[in-house]
There are 2 protein chains.
Amino acid sequence: MADAPKRPLTLRDVSEASGVSEMTVSRVLRNRGDVSDATREKVLEAAKALGYVPNKIAGALASQRVNLVAVIIPSLSNMVFPEVMTAISDVLDDTPLQPVVGVTNYKKEREEKVLYEMLSWRPSGVIIAGLEHSEASKAMLRGAGIPVVEIMDTDGTPIDAAVGISHRRAGRMMAEAIIKAGYRKIGFLGTKMPLDHRARKRFEGFTEALAKAGMEIADQEFYEGGSALGKGREMTEAILKRTPDLDFLYFSNDMIGAGGLLYCLDNGIDVPNQLGLAGFNGVELLKGLPRTLATMDSCREEIGRKAAEIIASRVEGGIEGPQGQKIELTPTIERGHTLRRKPKDAAYPE
Amino acid sequence: MADAPKRPLTLRDVSEASGVSEMTVSRVLRNRGDVSDATREKVLEAAKALGYVPNKIAGALASQRVNLVAVIIPSLSNMVFPEVMTAISDVLDDTPLQPVVGVTNYKKEREEKVLYEMLSWRPSGVIIAGLEHSEASKAMLRGAGIPVVEIMDTDGTPIDAAVGISHRRAGRMMAEAIIKAGYRKIGFLGTKMPLDHRARKRFEGFTEALAKAGMEIADQEFYEGGSALGKGREMTEAILKRTPDLDFLYFSNDMIGAGGLLYCLDNGIDVPNQLGLAGFNGVELLKGLPRTLATMDSCREEIGRKAAEIIASRVEGGIEGPQGQKIELTPTIERGHTLRRKPKDAAYPE
DNA sequence: TTGAAAGCGCTAACAC
DNA sequence: GTGTTAGCGCTTTCAA
C-alpha cells in the first residue's frame, strides 16, 4: 500500500503505468468506445494498483455534463423531507444521476443562497420544495436552462414542472370529514412559522370549508420550536383549559397531534366521543401509538418518485421534455381511532 | 428578464457587458485583490443584470480547491444522523466549506461506492460514520490526502481522526446502572442488523458488564424493518409472553424503547417497579411520552460540531494539522421514570 | 482500435 | 488597479 501522495493521481499517471495513451485510459474507465480486452485489462490493473480515483471536476468541465441533481428542502429534522429524499435516491439509483441536498431552514434568503451555490455546480436538474421563492431565486431557476421540479405543493404557478398535493384542498377535505362526522366545536393547533406556506394553505382551506358550512374555528393555538410531541401536549392542555367544550382538535402536523392524543389518554378524555383529533402527514410513528391518530397521507413517497422520474426523463431526452406539467396527487384521509362519527349523530354507523 | 439562454453565461459575457477584463471580473466576484470601487460597481451591475452564476467546476479545476466536505452516513431515516448533519452544517456555515451528504444504508459496498463518487469530486475533507470500512474504502481515505474524521464511535483504530463515544463503554455503563438499581432478570431487545456495529458494541459491553456481576441476559429479541415504535410494542409483548418474570428490558434504541414503554402503560405493567426500561440515544421524542424513558445521551450534537471543527481547522492550517486525534466523549445516563431503584432493594432512596 | 490536438471556464502568477 | 498568459485534468473530435 502506497503512502498518501502529495499530488493526487491523474489519468496521465495511469497512462504511464500502463503504457496506454491517456485517451484510451479514459475510454476504459468510462466504458466508452471500443477497446481491446488486452488494453482494457492493462488499464484496469494499473488504475487499481495505483488507487486512481478519476477527477470529476475535470471530467465535468470537459464534457459539459454534471450528473448531479440539486434537491432543495427546508429541513432535515422534519422526517417528511428525509422520506422524500429516500424516494428520490431510489429512483436516481437506476440512472447516472446523483442527488445533492441543500437545506434552507424555511428561510427565503437562505434558499436563495443555497440555490446559487448549487447552481454554480451546474447540476442537470433541480428539485425544490414549494412554489414560493424570491424573485431572484425564480430568475436563477428560469435562467439555469435545466429541468426544475417544484414539489410538495400545487397551489400556485410552477416555474417549470410541479408534483404535489393541494394543501388548500387537503385542509378542506379534512374539515368536511370532521363536519360530516358530527363535530361542531373545532379547535386548530399549528405552527407559528409564517414561512411554512403549506401549513398556511391547509389552514386556509380548512377555515374556508368550515365557513361554507356556516362554522368557524372555535379556538386556536400556535407554537414554535421545541419537541413537537411535548408541544402538542402543552398546547392541547392550554386550549382545553381555555375552551373546555371543544369537541375536535385539528393539528397542523402529526407530531403535535400525537402529543395531543397522548395528553388526552393520560387525562381520561374520551377520544373520539368527547373529543375527536386529527393531524396531517401520515407519519409512520402514529402506528405505534396506543390509538391511531386520524391523519392524511401527504403522498411523500410518490412525490419524490415522480419528481425524480421527471428529472431523469428530461435529462435523457434533452432539456426540452414534456414541459410545465403540474401533477396533483390526491391525499387520502385515514380516520384511525380519533375521527369517528359522534354517537349522538350516528343514525347509522359508518 | 431574459429568456432561458441556450448556453450558460460565462465570465466572458460579464466581461463584455461591463467592459472589464475577465480577470478583473473574476476578482470582483470573489472579493480578491484590490479593485477600484468604480469597476467593482460596473461588474456587479453587469453580473446581476445578466443573471450570471459562476461556474464552480471551472473555478475548482483552475484553483485546485474544492470547498466541499463529504459527509457519509448510514441513513437519513434514523433521526440521529440528520441531527449530526445539522451540527456539522452549523459549524461549516461560518467557513467557506459546504457539506455534501452521502448515504450508505448501512452497507459496506454502498459505502465504498458513495465514497468513490464523493472523492472523485476532490472534497477538502471527509466526515464518515463509524470505524468499520472495507479495505478498499480505507485505502481510498488514506490515499485521498485530505483530513478524514470518523465519527460516532471510538472503539477501534481511526484512519486519521475520530470523534465519538465508546459504545462498548456505553453498554457497560447502562448495565452497571441497571444492576445497581436492583434489577436482576434482564432482557435485551435490539436490531437484527448485523451491520450496525455501534449497536453490536453496546450489546457486547452490556453483556460483559453483566458477566462481571455474575449475571447474563435472561432473554432477547431482535427485529428488522418496520415502524420502530410498533416493533417495540410487538417485541415487548413477545418477550414478556415468553419470559414473564423479566424485571428489566434494555432496548438498543429509544424508538423501540418508547414502543415498549407504551406497551407497558397500555397493559397496566408497573414501570419501573415491576419492570424497568431503558433505551439509547436521548432522542427528543421521549420528552413527550407519558413517562420519560431512561436513556443515554449519545452526544450527537457535540460529535457533529467537533468533527466539523477539526476539518475546518485542518483545511485552514494546511493538510498537516494536529493529526490522528481520537476524541472520546462521555455519554450520560438519564434515568427518566423508568430506571429507578427497585423498592425492595431500596435501603436508601436515591 | 488507438492516438493527437484543442479546448471546457476559470484562476495563479506574473507583467504592466 | 488591471490585463495577459498559461494551464487545471479531463473529454470531444477527428485523424490514423
Inset, instruction - Apply salt bridge (Lys or Arg N to Asp or Glu O under 4.0 Å) to the pair D160(B) and R314(B), showing each step before the final yes or no. - result: CA-CA 12 Å; D160(B) 179 357; R314(B) 296 265 296 270; 2.8 Å; yes
Inset, instruction - Would you please test D13(A) and R7(A) for salt bridge (Lys or Arg N to Asp or Glu O under 4.0 Å) and show each step? - result: CA-CA 11 Å; D13(A) 296 307; R7(A) 168 186 66 71; 3.1 Å; yes
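- At distances below 3.5 Å, not a single donor-acceptor pair connects side-chain atoms of K42(A) with backbone N or O atoms of A17(A).
- The nucleotide whose nearest atom lies closest to any side-chain atom of S36(A) is, among dG3(D), dT2(C), dT11(C), dT2(C).
- Listed candidates were dT4(D), dT2(D), dT11(D). Nearest to the side chain of T39(B) is dT2(D).
- Side-chain atoms of S21(A) and T24(A) form a donor-acceptor pair, as typed in the model, at a separation below 3.5 Å.
- Near DNA chain D, meaning a heavy atom under 4.0 Å from it, residues 62-70 of chain B has A62(B), Q64(B) in order of number.
- Within 4.0 Å (heavy atoms only), N55(A) reaches sugar-phosphate atoms of the nucleic acid but no base atom.
- A sub-4.0 Å separation between OP1 or OP2 of dC10(C) and a side-chain N or O of S26(B) is absent.
- Nucleotide dG9(D) holds its P atom 10 Å from the CG atom of L11(A), rounded to whole Å.
- Between the CD1 atom of I57(A) and the P atom of dG7(C) there is a distance of 23 Å, given to the nearest Å.
- The interatomic distance linking R30(B) (CZ) with dA13(C) (P) rounds to 11 Å, in whole Å.
- Put simply, CD on E22(B) is 19 Å from P on dA13(C), counting in whole angstrom units.
- Following rounding to the nearest Å, W121(B) (CH2) and dC10(D) (C1') show an atom-to-atom distance of 12 Å.
- Just one residue in the list V28(A), V25(A), V20(A) forms a side chain to side chain contact (heavy atoms under 4.5 Å, CB included) with V35(A), and that residue is V28(A).
- Put simply, CZ on R32(B) is 16 Å from P on dC10(C), counting in whole angstrom units.
- Nearest to the side chain of A58(A), among dG3(D), dG9(D), dT2(C), sits dG9(D).
- Residue S134(B) is tested with K108(B), E112(B), E111(B), E109(B) for a side-chain hydrogen bond (donor to acceptor under 3.5 Å, both in side chains); the sole match is E112(B).
- When each of dC10(C), dG3(C), dT2(D) is scored by its nearest atom to the side-chain atoms of Y52(B), the top-ranked nucleotide is dC10(C).
- Within the 3.5 Å criterion, the main-chain N or O of H133(B) finds no donor-acceptor partner in the side chain of S137(B).
- The side chain of T10(B) sits closest to dC10(C) out of dT12(D), dT11(D), dC10(C).
- Distance, R12(A) CZ to dG9(D) P: 10 Å, rounded to whole Å.
- Distance CZ (R27(B)) to P (dT2(D)): 9 Å, rounded to an integer number of Å.
- Both G33(A) and A60(B) lie near DNA chain C, and the one whose nearest nucleotide falls closer to the 5' end is G33(A).
- Positionally, the nearest nucleotide of DNA chain D for V35(B) lies more toward the 5' end than for the other of L61(B) and V35(B).
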